[in-house]
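Chain letters run A, B, ... following the sequence lines, proteins first, then strands; residues in each count from 1. As a basis for the values below, the full set of heavy atoms in this structure was taken, side chains included, without hydrogen atoms, waters or symmetry mates.
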Amino acid sequence: SAVISQKPSRDICQRGTSLTIQCQVDSQVTMMFWYRQQPGQSLTLIATANQGSEATYESGFVIDKFPISRPNLTFSTLTVSNMSPEDSSIYLCSVPGLAGGADTQYFGPGTRLTVL
Amino acid sequence: DAKTTQPTSMDCAEGRAANLPCNHSTISGNEYVYWYRQIHSQGPQYIIHGLKNNETNEMASLIITEDRKSSTLILPHATLRDTAVYYCIVRYRNTPLVFGKGTRLSVIA
């Protein structure tokens, strides 16, 4: 299984500011996924980030609000721009992996963001 | 949209088997059934997956009906540490996981 770390683990931010979340993986992976989990809700996929190409965003998420970088095969960042209280969520990165002979995904511990 | 239906919540006595149902009546022939769980304040954790045969590993068993329209995750001897939200997900291989609302399992002493 992959070991995934995220920084920061949590933050409290003022509205209108931006926060960049880092995701580091202990092995090289082609794809990385970013998810959001709003309070009391399930996980929602924000985008898929491939190294060397533009990220692919899901419906309802746009690059201007959630720019993503993928400079190499072990690292990615997600920026939450011009934050509002509605952006208060846990943000998780995830990478593909193998379990029991089939593909699956492993998740980082998440970044808990509170916007005041 | 999620392709599965799960009960919102369930309780289970500690030491007893926890049986978590999932309906996936629109599953296609090439889609797998995956189960994940999320313990409070942690990232989701892979439990088990299957295509059409029943599967068992060190964590749980997965029973898939013959028509593949439903499945049951079995935790044979639930402990307090199994309290979590359990997600049943159907997906094609090499596609990102799409989460539904899941089942909140409470294991009671």
Side-chain angles (χ1 to χ4, degrees), chain A residues 1-7 9-10 21 23-25 29-50 55-61 68 76 89-114, chain B residues 1-9 20 22 29-62 64 71 73 84-105:
Chain A
S1 63
V3 177
I4 304 170
S5 60
Q6 288 185 231
K7 291 182 180 179
S9 59
R10 59 178 61 226
I21 301 167
C23 178
Q24 179 75 51
V25 188
V29 291
T30 304
M31 286 189 293
M32 295 179 79
F33 308 105
W34 286 97
Y35 287 81
R36 179 177 75 180
Q37 188 170 28
Q38 295 176 299
Q41 303 297 313
S42 182
L43 285 80
T44 302
L45 180 65
I46 298 172
T48 300
N50 290 323
T56 303
Y57 289 83
E58 298 298 308
S59 176
F61 298 96
I68 290 171
S76 179
S89 297
I90 300 173
Y91 292 86
L92 301 104
C93 69
S94 175
V95 301
L98 288 176
D103 66 293
T104 183
Q105 283 177 225
Y106 298 102
F107 287 82
T111 295
R112 184 180 294 272
L113 171 62
T114 302
Chain B
D1 291 334
K3 303 176 185 178
T4 62
T5 304
Q6 299 178 251
T8 302
S9 63
L20 291 90
C22 179
N30 295 326
E31 286 185 304
Y32 285 74
V33 179
Y34 281 78
W35 283 84
Y36 276 74
R37 74 180 181 184
Q38 188 175 26
I39 297 171
H40 183 61
S41 297
Q42 298 182 23
Q45 174 191 22
Y46 166 81
I47 301 173
I48 198 168
H49 75 279
L51 182 61
K52 54 183 178 181
N53 297 323
N54 297 337
E55 303 287 346
T56 296
N57 63 20
E58 65 278 5
M59 290 182 67
S61 294
L62 174 60
I64 303 174
S71 61
L73 177 75
V85 178
Y86 287 77
Y87 297 100
C88 170
I89 300 169
V90 296
R91 65 186 276 260
Y92 294 102
R93 295 188 67 170
N94 299 313
T95 59
L97 294 170
V98 176
F99 289 81
K101 298 184 185 301
T103 296
R104 183 173 298 277
L105 175 69

For ring pair (Phe, Tyr, Trp, His ring centres under 6.0 Å), just list the numbers for B:Phe99 and A:Phe107, CA-CA rounded to whole Å, side-chain angles, deciding distance to a tenth of an Å, and then say yes or no. CA-CA 13 Å; B:Phe99 289 81; A:Phe107 287 82; 5.8 Å; yes
Step by step, work out the side-chain contact (heavy atoms from CB on, under 4.5 Å) result for B:Gln38 and A:Leu43. CA-CA 10 Å; B:Gln38 188 175 26; A:Leu43 285 80; 3.6 Å; yes
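If you measure heavy-atom distances from A:Pro109 to chain B, the contacts under 4.5 Å come from the backbone alone.
Chosen from A:Gln6, A:Glu58, A:Gln37, the residue pairing most often with chain B at heavy-atom distances under 4.5 Å is A:Gln37. Comparing A:Thr104, A:Leu45, A:Thr44 by heavy-atom pairs within less than 4.5 Å of chain B, the highest count is held by A:Thr104.
In this structure a side-chain-to-backbone donor-acceptor pair under 3.5 Å is missing from A:Asp103 to B:Arg93.
Remark: B:Gln42 pairs with no residue by the side chain to side chain donor-acceptor pair (under 3.5 Å) rule, at least two apart or across chains.
Smallest separation of non-hydrogen atoms from A:Gln105 and B:Leu97: OE1-N, 2.7 Å.
Within the structure, salt bridge (charged side-chain N to carboxylate O under 4.0 Å, His left out) pairs that include any residue of residues 31-57 of chain B comprise B:Lys3-B:Glu31, B:Arg37-B:Asp82 (at least two apart or interchain).
Using a 4.5 Å heavy-atom cutoff, the side chains of A:Leu92 and B:Pro44 are in contact.
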